[in-house]
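Here is the structure we will look at.
Keep in mind that what you see is a predicted model, and the values were worked out from it rather than measured.
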Amino acid sequence: MKTNNVIKVRNYIARKIESLQAMENESAVRATLAHLRRGVGKPPGALPELWEIFFDGFPEELEGRGGIASRAETAIHISLCLFASHQQGKDICTDCVHQKDIGFGQAVARMVENKDELERVKRRFDAVVTAGSVNEFAKHAQGLIKQLRAKGITLDYGQLAADIYRYGNAASRDSVRLNWGRNFYYQLHQNFNKKTEEEDNE
């Protein structure tokens, strides 16, 4: 797998989100995000209203050939649509849910406020990270993204796109899972340490 392609996928998502933030027409931004939300669960290119946001400036070397979407196109499509779902009801300029360096495992672990919640969150997380394909991953991830939105937790969507791109290659899938697991338990440890410190200070 070409490392520079992973970087291009990550950077493309960041640029697209920045372009949405830079738009002066708020109604156009809301319309674009609404179109993206309708793209959840659909293949890349299925909705003509998404072609501009999706393909404008798309790196030629990441494009698929013929009628089959490339792994990059699929990863970017899933990430943009999940981002739009996560961003729903929030101002993209003042309350953007895309935050650099907040990995998927880390974001999910931030939902665990106490040990009683751990089993429920971990069960949902396991269903996502054991998906046998990126499309199955996207299907299961929708529920977690809605929970992140409800709790006001941010996520690095550029990194998520890069992870999904790598997840689409069976040879690197376990490596992605390993990183998600590490990040999940690192953040979990941080959560419980903070909780203990707060209780000690009461």
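Rounding to the nearest 0.5 Å gives a distance of 9.0 Å between CG of L82 and NE2 of H77. How far CZ of R149 is from CD of Q147: 10.5 Å, rounded to the nearest 0.5 Å. To the nearest 0.5 Å, atom CD1 of residue I92 and atom CD of residue Q87 are 5.0 Å apart. Separating the CD atom in Q106 from the CD1 atom in I153 is a distance of 10.5 Å, to the nearest 0.5 Å. Put simply, OH on Y165 and OG on S79 are 13.0 Å apart, with the number rounded to the nearest 0.5 Å. Taking CZ of F83 as the start and CG of L33 as the end, the distance is 6.0 Å to the nearest 0.5 Å.
A161 and A75 make their closest contact through O-CB, 3.5 Å (heavy atoms, listed as atom of the first residue, atom of the second, distance). Contact detail for L36 and A84: the closest heavy-atom pair is CB-CB, 3.4 Å. Between P44 and A69, the closest heavy-atom pair is CG-CB, 4.0 Å. Residues F192 and N114 approach most closely at CE2-C, 4.0 Å, considering heavy atoms.
In this structure, the side chains of Y157 and L80 stay at 4.5 Å or more apart for every pair of heavy atoms. Within the 4.5 Å cutoff, the side chain of I13 has no heavy atoms near those of the L160 side chain. Side-chain contact between I164 and T74 is absent, with no heavy atoms from C-beta onward closer than 4.5 Å. The shortest side-chain heavy-atom distance between R71 and V134 does not fall under the 4.5 Å cut-off. Contact check for H189 versus N193: side-chain heavy atoms found under the 4.5 Å cut-off.
A continuous path of Ile, Leu, Val, Met, Phe, Trp and Tyr side chains, each step under 4.5 Å between heavy atoms, connects L62 with F55, placing both in one hydrophobic cluster. The hydrophobic cluster containing Y185 does not contain I102, counting ILVMFWY residues as joined when their side-chain heavy atoms lie under 4.5 angstrom apart, directly or transitively. L144 and L188 fall within a single hydrophobic cluster, where Ile, Leu, Val, Met, Phe, Trp and Tyr are joined by side-chain heavy atoms under 4.5 Å apart, directly or via other members. Residues W51 and M23 share a hydrophobic cluster, clusters being chains of Ile/Leu/Val/Met/Phe/Trp/Tyr side chains in contact below 4.5 Å. Linking ILVMFWY residues whenever their side-chain heavy atoms come closer than 4.5 Å, directly or via other members, places I78 and L50 in the same cluster.
The list of salt bridge (charged side-chain N to carboxylate O under 4.0 Å, His left out) pairs with a residue in residues 31-48, not counting sequence neighbours, is empty. Evaluation of the ring-ring contact (aromatic ring centres under 6.0 Å, His included) test over residues 9-42, restricted to residues two or more places apart or in two chains, returns Y12-F58. Applying the ring-ring contact (aromatic ring centres under 6.0 Å, His included) test to every pair with at least one member in residues 94-115, sequence neighbours left out, gives these pairs: F104-F125, F104-F137, F104-W180. Applying the salt bridge (charged side-chain N to carboxylate O under 4.0 Å, His left out) rule to pairs touching residues 125-143 yields K122-D126, sequence neighbours excluded. Applying the salt bridge (charged side-chain N to carboxylate O under 4.0 Å, His left out) rule to pairs touching residues 172-189 yields D174-R177, sequence neighbours excluded.
Applying the 6.0 Å contact sphere to CD of Q21 captures more than 12 heavy atoms from other residues, nucleotides or ligands. A 6.0 Å sphere centred on OH of Y186 holds no more than 12 heavy atoms belonging to other residues, nucleotides or ligands. More than 12 heavy atoms of other residues, nucleotides or ligands lie within 6.0 Å of NZ in K90, so this atom counts as buried by the packing criterion.
The backbone N or O of E73 sits nowhere less than 3.5 Å from a side-chain atom of E63 that would complete a donor-acceptor pair. In terms of modelled atom types and a separation under 3.5 Å, the side chain of K16 and the main chain of F54 share no donor-acceptor contact. Remark: the backbone N or O of A72 is not paired with any side-chain donor or acceptor of N5 at under 3.5 angstrom. In terms of modelled atom types and a separation under 3.5 Å, the side chain of E117 and the main chain of R120 share no donor-acceptor contact. Put simply, the side chain of Q187 never gets that close to the backbone of A107: no donor and acceptor are under 3.5 Å apart. A distance-only check finds no donor-acceptor pair linking the side chain of R166 to the backbone of V6 [under 3.5 Å]. Side-chain atoms of Y167 come within 3.5 Å of backbone atoms of V129 as a donor-acceptor pair (strictly under, hydrogens ignored). N183 places a side-chain N or O within donor-acceptor distance of the main-chain N or O of N179, the cut-off being under 3.5 Å.
For E52, there are no side-chain hydrogen bond (donor to acceptor under 3.5 Å, both in side chains) partners two or more places apart in sequence or in a different chain.
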